[in-house]
2 protein chains.
Amino acid sequence: MRGHGRWFHGRIRGCGYRLTLPRMKIIEVLNSSNGHLSAEDVFVKVHRIYPAVGLTTVYRTLEMLVASGIVVKIDAGDGKARYKFKKTLEEEPHFHLICKKCGNIIDVKADKELEKNIHRAKEEYIKRYRFKVDNPQLRFYGYCESCK
Amino acid sequence: MRGHGRWFHGRIRGCGYRLTLPRMKIIEVLNSSNGHLSAEDVFVKVHRIYPAVGLTTVYRTLEMLVASGIVVKIDAGDGKARYKFKKTLEEEPHFHLICKKCGNIIDVKADKELEKNIHRAKEEYIKRYRFKVDNPQLRFYGYCESCK
DNA sequence: ATTGTTAATGGAAGTCATTTTCAATAAGGA
DNA sequence: TCCTTATTGAAAATGACTTCCATTAACAAT
Ligand SMILES: [Mn+2]
Ligand SMILES: [Mn+2]
Ligand SMILES: [Zn+2]
Ligand SMILES: [Zn+2]
């Protein structure tokens, strides 16, 4: 209760995980970064404030945080996953702009009408193909301002 | 001109590539399969009718066919690319239903309105984020009839 | 049809992101 | 404090794909 216990600490313990030093350092980095980071990115940043970390632990912790619902994992399509801290437990729906040159990812708010159309399509597929859609993903591949 | 020269033969030669035996066998397999195949899938099928193929050649030929515009390459998000013969040179826009269990991919026709909405979003991003969208991709991850 | 040039082949070895293994360590409940 | 066992980090393994390189085969020019 004395400020140092962030909301996600309770969540992690609640999922049965231990709150270890490497985990806290990784969370610290993730929490104070705003972009979508690769495991390697996280490793490099954590290494600066806690040189003992192993890359293995970074991967494991990242997966653990995804499993706890604290972090989102994004497949950028370039063979390297990206991770990002959620601001809220229930992330609002959004899409991604992915730069084919530098790999940067921009979150874009979901347009209401587009969102509705996707939902309608999803309902249709469950009927037409007996395919249970779980999670629709819309990505716009292209080139960001500095790469185009 | 005697039937045995399929349309894509001219296209391959036209792009400056040689028409070799392994390439023809790979094309034969691709042309007579209807799903979205992984390089490994193609390798196994080709190996049955032409045991001398190397996996390397399968990868190279697949890329060559993509470069020639004869085959489409799809990133299923599971680390294994899928390839599919185009029926027509200009593929009509469509989306994918991807099974998270078995990896199968179902092509779904693009709904006109949804398609238009995506296009509108794309135009907006170029203005708002100075991000030049090249290729929007909509995927519906979930479970197919036999996996759910 | 024969030849010569050079693209294409296939096996082995290399990448690169991620995972597995395993002995040593450290959470945290008792 | 002690004990159990989850967690750690280094090293080795994995899996999809690529690169190397010596050999082979397309095919354009004789
Ligand atoms: Mn996002
Ligand atoms: Mn398709
Ligand atoms: Zn960029
Ligand atoms: Zn399935």
Side-chain angles (χ1 to χ4, degrees), chain A residues 4-5 8-27 29 36-44 46-68 71 73-83 103 105, chain B residues 4-5 8-29 36-44 46-68 70-71 73-83 103 105:
Chain A
H4 82 305
F8 38 81
H9 285 190
R11 182 141 187 106
I12 290 167
R13 299 302 322 281
C15 290
Y17 299 111
R18 292 182 183 175
L19 261 176
T20 67
L21 218 116
R23 283 175 180 173
M24 305 224 264
K25 295 298 183 184
I26 290 168
I27 289 169
V29 159
H36 299 74
L37 307 180
S38 67
E40 181 71 25
D41 291 339
V42 174
F43 174 70
V44 169
V46 174
H47 191 270
R48 292 204 274 260
I49 60 174
Y50 183 69
V53 239
L55 180 56
T56 314
T57 298
V58 170
Y59 274 105
R60 277 187 297 227
T61 300
L62 254 11
E63 284 312 308
M64 179 279 262
L65 292 171
V66 169
S68 310
V71 158
K73 182 180 186 176
I74 297 154
D75 158 38
D78 63 353
K80 289 186 292 191
R82 307 302 152 85
Y83 301 85
I105 299 176
Chain B
H4 81 303
F8 38 82
H9 285 189
R11 184 142 185 105
I12 289 167
R13 300 300 324 281
C15 291
Y17 298 112
R18 293 181 182 177
L19 263 178
T20 68
L21 215 112
R23 281 175 181 173
M24 305 225 262
K25 295 299 182 184
I26 290 168
I27 289 169
E28 194 180 317
V29 159
H36 299 72
L37 307 180
S38 67
E40 181 72 24
D41 291 338
V42 174
F43 174 70
V44 169
V46 173
H47 191 271
R48 291 204 275 260
I49 60 174
Y50 183 69
V53 240
L55 180 57
T56 312
T57 299
V58 171
Y59 275 107
R60 276 187 298 226
T61 299
L62 254 11
E63 285 311 308
M64 179 281 263
L65 292 171
V66 170
S68 310
I70 292 169
V71 159
K73 182 179 187 177
I74 297 153
D75 159 36
D78 62 353
K80 288 185 294 191
R82 307 301 153 85
Y83 301 85
I105 299 175

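A quick note: this is a predicted structure, and the numbers were derived from the prediction, not measured. Basis for what follows: all heavy atoms, side chains included, without hydrogens, waters or symmetry-related copies.
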What residue among L62(B), V58(B), T56(B) forms side chain to side chain contact (heavy atoms under 4.5 Å, CB included) with R60(B)?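 For R60(B), the side chain to side chain contact (heavy atoms under 4.5 Å, CB included) check succeeds only for T56(B).
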
Among L37(B), T61(B), L55(B), V53(B), which residue satisfies the side chain to side chain contact (heavy atoms under 4.5 Å, CB included) criterion with V42(B)?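 When side chain to side chain contact (heavy atoms under 4.5 Å, CB included) is applied between V42(B) and each of L37(B), T61(B), L55(B), V53(B), only L37(B) qualifies.
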
Using the side-chain heavy atoms of [X], tell me which of these nucleotides is nearest: [options].
X: A52(A); options: dT9(C), dG9(D), dG10(C); result: dG9(D)
X: R13(A); options: dT18(C), dG29(C), dA27(C); result: dG29(C)
X: Y50(B); options: dA7(C), dA27(C), dG10(C); result: dG10(C)
X: R18(B); options: dA25(D), dG10(C), dT18(C); result: dA25(D)
X: V53(A); options: dG10(C), dA27(C), dG9(D); result: dG9(D)

Hey, is the side chain of T20(B) poking within less than 4.0 Å of OP1 or OP2 on dT9(C), counting only N and O atoms?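 True: T20(B) side-chain N/O within range (under 4.0 Å) of dT9(C) OP1/OP2.
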
Looking at dC17(D), I'd like to know if its phosphate oxygens (OP1 or OP2) sit under 4.0 Å from a side-chain N or O belonging to Y59(B).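 For dC17(D), OP1 or OP2 has a side-chain N or O of Y59(B) closer than 4.0 Å.
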
Once you round it to whole Å, what is the distance between [atom2] of [N] and [atom1] of [X]?
X: R82(B); N: dC17(D); atom1: CZ; atom2: P; answer: 9 Å
X: I26(A); N: dT7(D); atom1: CD1; atom2: P; answer: 13 Å
X: K80(B); N: dA17(C); atom1: NZ; atom2: C1'; answer: 16 Å
X: D78(A); N: dC17(D); atom1: CG; atom2: P; answer: 14 Å
X: Y17(B); N: dA25(D); atom1: OH; atom2: C1'; answer: 19 Å
X: F43(A); N: dA17(C); atom1: CZ; atom2: C1'; answer: 14 Å
X: M24(A); N: dA26(C); atom1: CE; atom2: C1'; answer: 12 Å
X: K25(A); N: dG9(D); atom1: NZ; atom2: C1'; answer: 18 Å

Using a 4.0 Å heavy-atom cut-off, does [X] contact any base of the nucleic acid, only the sugar-phosphate backbone, or nothing at all?
X: R23(B); answer: sugar-phosphate
X: L19(B); answer: sugar-phosphate
X: T56(A); answer: base

Donor-acceptor pair, R11(A) side chain versus S68(A) backbone, under 3.5 Å?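 Between the backbone of S68(A) and the side chain of R11(A) there is a qualifying donor-acceptor contact (under 3.5 Å).
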
Give a yes or no answer on whether the side chain of R82(B) reaches the backbone of I105(B) with a donor-acceptor pair at less than 3.5 Å.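 Between the backbone of I105(B) and the side chain of R82(B) there is no qualifying donor-acceptor contact (under 3.5 Å).
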
Of P22(B) and L55(B), the one whose closest DNA chain D nucleotide lies more 5':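 It is L55(B), whose closest nucleotide lies nearer the 5' terminus.
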
Of G54(A) and E63(B), the one whose closest DNA chain D nucleotide lies more 5':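 The answer here is G54(A).
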
Is there side-chain contact between Y17(A) and R23(A), with at least one heavy-atom pair below 4.5 Å?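 Yes, side chains in contact.
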
Go through the side-chain N and O atoms of E63(A) and Y83(A) and say whether any donor and acceptor fall under 3.5 Å apart.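 Their side chains do contain a donor-acceptor pair, which is all the 3.5 Å distance test asks for.
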
Give a yes or no on whether a donor-acceptor pair under 3.5 Å exists between the nucleobase atoms of dG10(C), that is its base, and the side chain of R60(B).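 Under the 3.5 Å cut-off, the side chain and the base do form a donor-acceptor pair.
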
